> 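Can you keep this structure in mind? I'll have questions shortly.
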2 protein chains.
Amino acid sequence: MDTAERLVASAQELLWERGYVGTSPKAIQERAGAGQGSMYHHFKGKPDLAAAAMRRSAAQLRAQADAQLAEGDTAVARVGAYLMREREPLRGCRVGRMAMDPEVIASDELREPVRDTFAWLRGRLADIVADGIAAGELRPEIDAGDTAAALAAVVQGGYVLARAAGDREPFDQAVRGALGLLRAAATDPAA
Amino acid sequence: MDTAERLVASAQELLWERGYVGTSPKAIQERAGAGQGSMYHHFKGKPDLAAAAMRRSAAQLRAQADAQLAEGDTAVARVGAYLMREREPLRGCRVGRMAMDPEVIASDELREPVRDTFAWLRGRLADIVADGIAAGELRPEIDAGDTAAALAAVVQGGYVLARAAGDREPFDQAVRGALGLLRAAATDPAA
DNA sequence: GTCTATATGTAGATAGAC
DNA sequence: GTCTATCTACATATAGAC
């Protein structure tokens, strides 16, 4: 891995752990084993490096989610594969975390990967729920877009609950609870 | 409002907007119209003032939620009153936001009000869902604790989605979606 | 490409006068 | 109780040598 790659990887880790405001160029350099001059040679400054790191994290998260959402043959199974995937709730979401940062939200360039990631995720989930309704698996009373937003929100909010508790259990409860509610919305809840 | 109160109120606002790491003592003083010496006279330092501000915000949030959760006579109505209450999704949750801050999570004193707030909220929601199941309003297949965690998570995650999008709509979709799923878990979904 | 030197501002606090 | 002075460290760069 060359220096520029190490800087991006270090920035990804630190942004995940400490957010944008809490991450200094110096800390990134130290973690990457690179000097000041080196960082400013490869990147224009902190916002530039952070944007590269966030685009990378967003792409990785999307690839991961894409694989999980393809697992299973029913809507409930596919959503379940996404919800129940192995996570580290106490670390939070490396993309969602950025949405709470005022400087990220204030900058179009920094907010873009975050916005696109969740817009894409909600769209994918909405398609799966809509397919489930069309196939007669899910009750037609539920709205596909609203349900998709709720499912995406449960994961993001689960991170908040787990970190607040200092314990992963609330996260696990939240995703189990969401899946339980989705099963209740099936035309045959016993399935 | 005396100086100490103004300092706490200013700290509450800034912690909400910028988080713990992003809030400086100087910024708090300026917003409160107080000098350095004044702040260090009333509080031991930034962590001490922040802890006071967070306890205040936690108490206010809890009082608000307590009122909403008492509205209505069925479980679905009470949860609905809580979910659909007027909020400002783009500002995020002033308590939940703190859970993403590494320095808050690392300090027992700072994390305490956040932990207690969500433990209390999940408990209240779980009681309401359990009552709904006991009354025959909600299907017994759903777990009260898991469902409560999912409902609390939807609100917190809704903030993330709205801020990511730069638009309140995903928040509104998420709470509507959660309520729709809860209605589907009613023994009489048409009600 | 990487290094060291330098610069300006802020973070977070202490000391002591008033 | 509040003010001003002072302090050490860090944030975020730029300049120019190697």
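Model, not experiment: these values are computed from the prediction. So you know, we letter chains A, B, ... as the sequences are listed, proteins then strands, and number each from 1.
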> Which residues pass the salt bridge (charged side-chain N to carboxylate O under 4.0 Å, His left out) test with A:Asp172, sequence neighbours left out?
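Once residues adjacent in sequence are excluded, the partners of A:Asp172 under the salt bridge (charged side-chain N to carboxylate O under 4.0 Å, His left out) criterion are A:Arg168.
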
> Residues in ring-ring contact (aromatic ring centres under 6.0 Å, His included) with A:Phe118, at least two apart?
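For A:Phe118 there are no ring-ring contact (aromatic ring centres under 6.0 Å, His included) partners, ignoring immediate neighbours.
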
> For the pair A:Thr187 (side chain) and A:Glu137 (backbone), establish whether a donor and an acceptor sit closer than 3.5 Å, ignoring hydrogens and angles.
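Yes; at least one donor-acceptor contact below 3.5 Å.
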
> Roughly how many Å is it from OH in A:Tyr40 to P in C:dA5, rounded to a whole number?
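Going from OH in A:Tyr40 over to P in C:dA5 covers 18 Å.
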
> May I have the distance from B:Glu30 (atom CD) to C:dG12 (atom C1'), rounded to whole angstrom?
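Whole-Å distance recorded here is 14 Å.
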
> Apply salt bridge (charged side-chain N to carboxylate O under 4.0 Å, His left out) to B:Arg78 and list each qualifying residue two or more places apart in sequence or on a separate chain.
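Result, salt bridge (charged side-chain N to carboxylate O under 4.0 Å, His left out) vs B:Arg78: none returned.
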
> Distances under 3.5 Å between protein N/O atoms and the N/O atoms of nucleotides 4-9 of chain D, please, pair by pair.
none

> Within residues 45-53 of chain B, find the residues that approach DNA chain D with a heavy atom at under 4.0 Å, and present them sorted by residue number.
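Heavy-atom cutoff 4.0 Å gives no residues at all.
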
> A:Glu13 pairs by salt bridge (charged side-chain N to carboxylate O under 4.0 Å, His left out) with which of A:Arg31, A:Arg94, A:Arg91?
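It is A:Arg31; the other options fail the test.
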
> Distance-only check: which donor-acceptor pairs under 3.5 Å involve side-chain atoms of residues 66-76 of chain B, not counting sequence neighbours?
unit_1, atom_1, unit_2, atom_2, d
B:Asp66, OD1, B:Arg124, NE, 3.4
B:Thr74, OG1, B:Ala77, N, 3.0

> Which of residues 100-114 of chain A sit near DNA chain D, with a heavy atom under 4.0 Å from it?
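Nothing qualifies; none.
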
> Report the distance from atom NE2 of B:His41 to atom P of C:dA13, rounded to the nearest whole Å.
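Atom NE2 in B:His41 sits about 17 Å away from atom P in C:dA13.
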
> For residues 7-28 of chain B, which residues have at least one heavy atom under 4.0 Å from DNA chain D?
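Residues of residues 7-28 of chain B that come under 4.0 Å of DNA chain D do not exist, since none gets that close.
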
> Could you tell me whether the side chain of B:Trp16 and the main chain of B:Gly92 form a donor-acceptor pair under 3.5 Å?
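Flag set: sc B:Trp16 to bb B:Gly92 pair under 3.5 Å.
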
> Measure the distance from CE on B:Met39 to P on C:dG12 and round it to the nearest whole Å.
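Atom-to-atom, B:Met39 to C:dG12, this comes out as 9 Å.
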
> Please list all pairs passing the ring-ring contact (aromatic ring centres under 6.0 Å, His included) test where one or both residues lie in residues 163-191 of chain A, with sequence neighbours left out.
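Of all non-adjacent pairs touching residues 163-191 of chain A, those that pass ring-ring contact (aromatic ring centres under 6.0 Å, His included) are A:Tyr159-A:Phe171.
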
> Can you name the residues that form a salt bridge (charged side-chain N to carboxylate O under 4.0 Å, His left out) with B:Arg18, not counting sequence neighbours?
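For B:Arg18, the residues satisfying salt bridge (charged side-chain N to carboxylate O under 4.0 Å, His left out) (neighbours in sequence not counted) are A:Glu103.
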
> Hey, is the main chain of B:Leu90 close enough, under 3.5 Å, to the side chain of B:Arg163 for a donor-acceptor pair?
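Yes.
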
> Rounded to whole Å, please give me the gap between CZ in B:Phe43 and P in C:dT14.
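In whole Å, C:dT14 P lies 15 Å from B:Phe43 CZ.
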
> Kindly say if B:Thr3 contacts the phosphate of D:dT2, meaning a side-chain N or O under 4.0 Å from OP1 or OP2.
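For D:dT2, OP1/OP2 do have a side-chain N/O of B:Thr3 under 4.0 Å.
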
> Would you mind reading off the distance between A:Gln29 atom CD and C:dG1 atom P, rounded to a whole angstrom?
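Spelled out: CD on A:Gln29 to P on C:dG1 is 18 Å.
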
> Compile the donor-acceptor pairs under 3.5 Å between side chains in residues 40-52 of chain A and protein atoms, sequence neighbours left out, one pair per line.
unit_1, atom_1, unit_2, atom_2, d
A:Lys46, NZ, A:Tyr20, O, 2.9
A:Lys46, NZ, A:Thr23, O, 2.7
A:Asp48, OD2, A:Lys44, N, 2.9

> Taking the side chain as every heavy atom from C-beta outward, state whether B:Met100 and A:Val160 have any pair of such atoms under 4.5 Å apart.
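They are in contact (side-chain heavy atoms under 4.5 Å apart), so the answer is yes.
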
> Could you work out, with salt bridge (charged side-chain N to carboxylate O under 4.0 Å, His left out) as the rule, every residue matching B:Glu169, not counting sequence neighbours?
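For B:Glu169 the salt bridge (charged side-chain N to carboxylate O under 4.0 Å, His left out) partners, ignoring immediate neighbours, are B:Arg176.
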
